[in-house]
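Data first, discussion second: the structure below is written as structure tokens.
Every heavy atom of this structure was used, including side-chain atoms; hydrogens, water molecules and symmetry mates were not. Order of appearance sets the numbers: ligands from 1, and atoms from 1 within every ligand. On a predicted model such as this, the values are computed, not experimentally measured, just so you know.
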Amino acid sequence: MTSLYLVPTPIGNLGDITLRAIEVLKSVDIILAEDTRTSGFLLKHFSIDRPLKSFHNFNEHRVVDGLIKKMKDGTVMALVSDAGTPGISDPGFLIARATIQAGLQIECLPGPTAFVPALLKSGLPAARFVFEGFLPHKKGRQTLLKKLAEEERTIILYESPHRLVKTLEQLKEFFGPEREVSISRELTKKFEETINGTVEEALNHFIQKEVKGEIVMIIAGKPE
Ligand code: SAM
């Protein structure tokens, strides 16, 4: 019997939830949510009425043992994050590992995650890639950028709108102005936009006005 389901939720367009995600969320005893308010809206929209419990970066270490104990007693749980697949730049890894180590069964449903559509919309090689998630803000940032500049596979980063221009400026410095990039903004939403071009071109595009929304950056690997 499955004790924990990791359930992806839409990254913008509610139509992207899967039939199985709805079915599983309706069937479990407890839904663990990164933000109970955000998930509350989603669950209400799909008439899912199961008890919600808070599970996020700031309490996961404290509550995980208690949750495992409950699972051992037969409670079936689902984990959702604010958007996309739990565990992908979101809480999920810790409880998944603890569930497996406890000898309990876990399932991860396939579903929305932001980097896959961004990668395919970039037109850059998608057969081999590295996913780095968010770059560190300070410590280790330059070291990682220098290392990534030598990476030959396509590179995927998550970025916040107010850091995008700074990151593009650093890509110009470390990767060079001619490196190909693709910036996808607001995927699956009303103002979805993908800009494909060189680092220099992307910088010129985004420097002009305040950048808003959620962003995935795809960077071409170093040419061989
Ligand atoms: N768990 C999510 C997933 O599976 O993609 C990622 C969660 S992470 C906290 C949030 C980041 O994902 C955003 O800052 C952005 O980089 C990316 N993201 C999420 N939704 C997006 C969207 N609709 N368009 C572009 N990027 C998005």
Side-chain angles (χ1 to χ4, degrees), residues 4-18 20-21 24-25 31-43 45 54-60 78-97 106-124 126 129-137 141 144-145 148 154-168 170-171 181-197 202 205-206 210-219:
L4 177 67
Y5 291 92
L6 303 181
V7 181
T9 54
I11 57 165
N13 188 325
L14 292 184
D16 291 335
I17 197 158
T18 69
R20 194 162 158 236
V24 165
L25 290 172
I31 298 173
L32 305 174
E34 190 183 6
D35 182 329
T36 50
R37 216 174 111 89
T38 306
S39 297
F41 290 123
L42 179 87
L43 299 176
H45 182 86
S54 188
F55 185 85
H56 45 67
N57 280 331
F58 306 102
N59 76 354
E60 56 178 355
L79 173 67
V80 295
S81 64
D82 287 354
T85 300
I88 302 296
S89 295
D90 267 341
F93 158 70
L94 191 80
I95 194 167
R97 183 179 62 179
I106 179 171
E107 269 192 64
C108 180
L109 273 54
T113 193
F115 75 82
V116 175
L119 174 62
L120 276 298
K121 284 185 81 183
S122 74
L124 293 167
F129 56 85
V130 283
F131 174 74
E132 282 288 338
F134 292 99
L135 288 174
H137 295 170
R141 185 178 170 97
L144 181 57
L145 281 167
L148 288 176
T154 302
I155 301 154
I156 305 171
L157 301 179
Y158 282 170
E159 192 49 280
S160 75
H162 62 272
R163 265 200 200 86
L164 177 68
V165 166
K166 177 187 168 189
T167 301
L168 283 169
Q170 286 186 313
L171 290 189
V181 289
S182 170
I183 314 296
S184 274
R185 215 173 56 81
E186 295 289 82
L187 287 159
T188 78
K189 302 186 203 175
K190 192 173 171 192
F191 297 107
E192 173 166 352
E193 148 183 83
T194 296
I195 303 295
N196 293 333
H205 177 86
F206 286 106
E210 190 196 353
V211 185
K212 288 187 183 151
E214 300 196 275
I215 287 160
V216 183
M217 305 181 75
I218 311 289
I219 309 162

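- Taking the six-membered ring where tryptophan is involved, the planes of Phe134 and Tyr158 are perpendicular, since the angle between them exceeds 60° and thus also 30°.
- Looking at Ser184 next to ligand 1, no N or O pair under 3.5 Å apart turns up.
- Residue-environment remark: NZ (Lys189) exceeds the threshold of 12 foreign heavy atoms within 6.0 Å.
- Between Thr85 and Pro8, the closest heavy-atom pair is OG1-CB, 3.6 Å.
- In this structure, of Glu193, Glu34, Glu214, the residue bringing a heavy atom nearest to atom 21 (C) of ligand 1 is Glu214.
- Polar contact check, Phe134 against ligand 1: no nitrogen or oxygen pair lies under 3.5 Å apart.
- Ligand 1 has no nitrogen or oxygen under 3.5 angstrom from a nitrogen or oxygen of Gly84.
- When every heavy atom of Ser182 is checked against every heavy atom of Thr194, the shortest pair comes out as OG-CG2, 3.5 Å.
- In terms of protein heavy-atom proximity, atom 6 (C) of ligand 1 is nearest to Ile88 O, 3.3 Å.
- Remark: the backbone N or O of Asn13 is paired with a side-chain donor or acceptor of Thr188 at under 3.5 angstrom.
- Taking distance alone, with nitrogen or oxygen atoms compared against 3.5 Å, Pro112 stays at or beyond that limit from ligand 1.
- Taking only nitrogen or oxygen atoms, main chain and side chain alike, Ile11 reaches within less than 3.5 Å of ligand 1.
- Shortest contact from atom 26 (N) of ligand 1 to any protein heavy atom: Val216 CG2, 3.4 Å.
- Checked by atom type and distance alone, the side chain of Glu186 never pairs as donor or acceptor with a backbone atom of Phe191 at under 3.5 Å.
- Across Ile218 and Ser122, no two heavy atoms sit closer than the pair CG2-OG, 3.6 Å.
- Nearest protein heavy-atom contact of atom 8 (S) of ligand 1 is Ser89 O, 3.5 Å.
- Under 4.0 angstrom from ligand 1, the non-hydrogen atoms of Glu186 all belong to its backbone.
- Here the closest non-hydrogen pair linking Leu120 and Ala126 is CD1-CB, 4.5 Å.
- A heavy-atom separation below 4.0 Å is not found between Thr188 and ligand 1.
- At least one side-chain heavy atom of Leu14 sits less than 4.5 Å from a side-chain heavy atom of Leu42.
- Polar contact check, Tyr158 against ligand 1: a nitrogen or oxygen pair lies under 3.5 Å apart.
- Looking only at heavy atoms of the protein, atom 24 (N) of ligand 1 is closest to Leu187 N, 2.9 Å.
- Residue-ligand proximity, Thr85 to ligand 1, at heavy-atom distances under 4.0 Å covers atoms 1 (N), 3 (C), 4 (O).
- One N or O on the side chain of Asn59 and one on the backbone of Ser54 form a donor-acceptor pair closer than 3.5 Å.
- Of all protein heavy atoms, the one closest to atom 3 (C) of ligand 1 is Thr113 OG1, 3.3 Å.
- In this structure, the protein non-hydrogen atom closest to atom 18 (N) of ligand 1 is Ala114 CB, 3.5 Å.
- When each atom of ligand 1 is checked for a heavy atom of Lys189 under 4.0 Å away, the hits are 23 (N).
- Of all heavy-atom pairs spanning Leu25 and Ala78, the tightest one is CD2-CB, 3.8 Å.
- For the pair Ile215 and ligand 1, the shortest N or O to N or O distance falls below 3.5 Å.
- Here the options are Ile219, Leu124, Ile155, Ile156, the test is side chain to side chain contact (heavy atoms under 4.5 Å, CB included), and the partner is Phe129; only Ile156 passes.
- Under a 4.0 angstrom heavy-atom cut-off, Ser160 registers as lying outside contact with ligand 1.
- With a 4.5 Å cut-off on side-chain heavy atoms, Glu159 and Ile183 do not count as touching.
- Of the protein's heavy atoms, Asp90 OD2, 3.3 Å lies nearest to atom 7 (C) of ligand 1.
- Residue contacts with ligand 1 for Pro8 are absent, since no atom lies close enough (heavy atoms, distance under 4.0 Å).
- Residue Phe115 has no nitrogen or oxygen atom sitting less than 3.5 Å from a nitrogen or oxygen atom of ligand 1, judged on distance alone.
- Between Arg185 and ligand 1, no N or O atom pair is found at a separation short of 3.5 Å.
- Under the 4.5 Å side-chain criterion, counting only non-hydrogen atoms from C-beta, Val80 is not in contact with Leu43.
- Considering only non-hydrogen protein atoms, atom 2 (C) of ligand 1 sits nearest to Ala83 O, 3.2 Å.
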